[in-house]
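See structure below.
Both counts, for ligands and for their atoms, begin at 1 and track the order of listing.
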Amino acid sequence: MTVRLLVTGGTGFVGGWIARTAAAAGHPVQVIAREEGGGAVGLAESGVEVLVGDLTDRAFMVDALGQVEVLVHAAATYAYDRAAGRRVVEETPALSRAVLESALTAGTAHAIDISSAIVFKPHAAGPRRGVTDIDSPRWTPADRAWGDPYLASKVLADEEAERARDRGLAMSSVHPALVIGPEDRRPGTSGALLLSLLDSAAVPDVTAGWCDVRDVADAVLAIAERPPGGRYLVTAETLSFRRVCRTLDTVTGRSQQRVFLPRRVVGALARVNDLAGGLLDARVPPRASLEFLLGTRGLIDGSSGLPALGLRYRPFEASVADSLAWWARNGMVDPSLGTAFDPERPDR
Ligand SMILES: NC(=O)c1ccc[n+]([C@@H]2O[C@H](COP(=O)([O-])OP(=O)(O)OC[C@H]3O[C@@H](n4cnc5c(N)ncnc54)[C@H](OP(=O)(O)O)[C@@H]3O)[C@@H](O)[C@H]2O)c1
């Protein structure tokens with residue numbers, strides 16, 4: 001069965017993989033790009049049709065959506081730099097509102113919203129206490145974690161999706177954890193985090209959920225072929241940064257000396273960095289943006305994701321190896337390391 005798809009955010013990491021994977025599977029795919037060039041170039045070469053336009057232009061979007069069966073909304077501002085805060089909270093929900101209202105007007109048969117695992121708060125009580133799963137409550141402005149602008153932006157965007165659902169849009173939601181994988185060309189926040197762990201001597205002693213971008217794309221395609229309405233939390237594994245660093249050492253064949261900093265120390269250092277206007281380390285986001293990472297400890301349960309779709313997650317080590325190999329081949333990490341972890345190396 002072929003499904004005609006329209007993907008927003010297709011010039012980005014996650015949306016690009018969704019669009020290319022769908023095209024490779026024989027589905028007609030269109031991507032809305034803000035401009036020609038950039039991420040749009042590789043898409044056209046992969047058989048994806050690129051339309052240049054503005055996601056907030058209602059007439060343009062309704063017309064584009066009139067030609068397709070499934071909308072995949074993956075456009076958002078995924079940024080943690082100091083300057084991004086207010087922009088992230090304003091832009092991402094506004095984009096969701098505009099795109100989903102156009103889908104309502106166009107009568108789109110199925111909209112798949114790319115949300116995030118970050119919208120969910122761990123269960124506070126009961127047998128699943130401390131666990132984050134697809135039935136977890138969302139964070140609210142009363143929670144300290146709301147100080148994370150990206151977290152707030154994704155909850156607000158998720159609420160836009162709920163409103164569209166209530167108004168009759170047939171919707172599915174996909175909630176990935178930190179996404180890594182090949183072709184993370186900018187790289188995004190999650191890829192940059194993995195790269196930073198490669199060489200950092202001081203690492204926060206925290207835990208996060210991870211998944212592979214190809215698994216997200218496979219999940220979205222499987223969902224596109226199903227009746228709408230599902231919610232899927234996509235997380236292959238919940239791992240401490242200690243474990244992530246061990247995996248990086250295994251994959252690269254190096255043994256990096258690292259100090260693991262307790263959460264309280266990381267929080268205090270981030271506060272000092274805030275007072276210095278970010279001058280101590282420009283890569284460290286404001287203290288308030290670290291609330292989720294420093295406060296969340298329990299399992300992020302991805303059983304509602306690929307397993308519920310009859311698919312299997314790629315092992316984390318394979319995702320790390322493939323990410324690093326791609327970055328090495330493209331000159332984004334020390335090329336001398338590239339041969340150590342390139343799965344395409346003949347003797348591996
Ligand atoms: N990467 C992760 O770890 C992760 C984890 C969970 C959820 N997600 C979600 O997955 C989605 C995609 O993330 P990503 O990692 O692929 O980010 P990305 O690489 O930065 O891609 C973002 C995409 O959104 C587009 N976009 C941003 N602002 C826009 C605007 N105002 N108008 C039109 N297009 C706009 C970008 O277009 P340009 O190319 O023109 O900039 C790009 O195509 C987001 O919803 C993100 O929250 C990502």
Would you mind telling me if ligand 1 is within reach of the side chain of [X], the backbone, both or neither, using heavy atoms under 4.0 Å?
{"X": "S190", "result": "side chain"}
{"X": "H175", "result": "neither"}
{"X": "L95", "result": "side chain"}
{"X": "F13", "result": "both"}

Within ligand 1, which atoms have a heavy atom of [X] less than 4.0 Å away?
{"X": "K154", "answer": "44 (C), 45 (O), 46 (C), 47 (O)"}
{"X": "L178", "answer": "3 (O)"}
{"X": "A74", "answer": "11 (C), 12 (C), 44 (C), 45 (O)"}
{"X": "V179", "answer": "1 (N), 2 (C), 3 (O), 4 (C), 5 (C)"}
{"X": "S116", "answer": "6 (C), 7 (C)"}
{"X": "L55", "answer": "33 (C), 34 (N)"}
{"X": "R186", "answer": "38 (P), 39 (O), 41 (O), 42 (C)"}

Option nearest [atom] (shortest heavy-atom distance, choices [options]):
{"atom": "atom 24 (O) of ligand 1", "options": "A40, A75, A33", "value": "A75"}
{"atom": "atom 27 (C) of ligand 1", "options": "A76, S153, G37", "value": "A76"}
{"atom": "atom 13 (O) of ligand 1", "options": "V213, V14, V234", "value": "V14"}
{"atom": "atom 7 (C) of ligand 1", "options": "G12, A177, S115", "value": "S115"}
{"atom": "atom 48 (C) of ligand 1", "options": "W210, Y150, W17", "value": "Y150"}

Euclidean distance, S173 OG relative to I114 CD1, rounded to 0.5 Å | 9.0 Å

Tell me which protein heavy atom sits closest to [atom], plus the residue, atom name and distance to 0.1 Å.
{"atom": "atom 23 (C) of ligand 1", "result": "G9 CA, 3.6 Å"}
{"atom": "atom 10 (O) of ligand 1", "result": "I114 CG2, 3.5 Å"}
{"atom": "atom 17 (O) of ligand 1", "result": "Y78 CB, 4.2 Å"}
{"atom": "atom 6 (C) of ligand 1", "result": "P176 O, 3.2 Å"}
{"atom": "atom 31 (N) of ligand 1", "result": "R34 NH1, 3.4 Å"}

I'd like to know if [X] and [Y] make a salt bridge, using a cut-off of under 4.0 Å between side-chain N and carboxylate O.
{"X": "R138", "Y": "E159", "value": "no"}
{"X": "R314", "Y": "D218", "value": "yes"}
{"X": "R128", "Y": "D133", "value": "yes"}
{"X": "R263", "Y": "E291", "value": "no"}
{"X": "R312", "Y": "D215", "value": "no"}

Can you check side-chain hydrogen bond (donor to acceptor under 3.5 Å, both in side chains) on E317 and T247, steps first, answer last?
-> CA-CA 6 Å; E317 189 175 312; T247 303; 5.5 Å; no

Under the criterion side-chain hydrogen bond (donor to acceptor under 3.5 Å, both in side chains), which of D143, T132, T140 is the partner of K121?
-> D143

Between S196 and R283, is any side-chain donor less than 3.5 angstrom from a side-chain acceptor?
-> no

May I ask you to establish whether R144 and W146 are in a cation-pi arrangement, using a distance under 6.0 Å from NZ or CZ to the six-membered ring centre and at most 45° from the ring axis?
-> no

Starting from the C-alpha separation in whole Å, work towards a yes-or-no answer on side-chain hydrogen bond (donor to acceptor under 3.5 Å, both in side chains) for T2 and H27.
-> CA-CA 5 Å; T2 59; H27 301 292; 5.4 Å; no

Determine whether any heavy atom of G188 lies closer than 4.0 Å to an atom of ligand 1.
-> no

May I have the step-by-step check of side-chain hydrogen bond (donor to acceptor under 3.5 Å, both in side chains) for D54 and T56, ending in yes or no?
-> CA-CA 5 Å; D54 179 351; T56 63; 2.8 Å; yes

Give a yes or no on whether the ring-centroid distance for F241 and F260 is below 6.0 angstrom.
-> no

Going by distance only, is there an N or O of T11 that falls short of 3.5 Å from an N or O of ligand 1?
-> yes

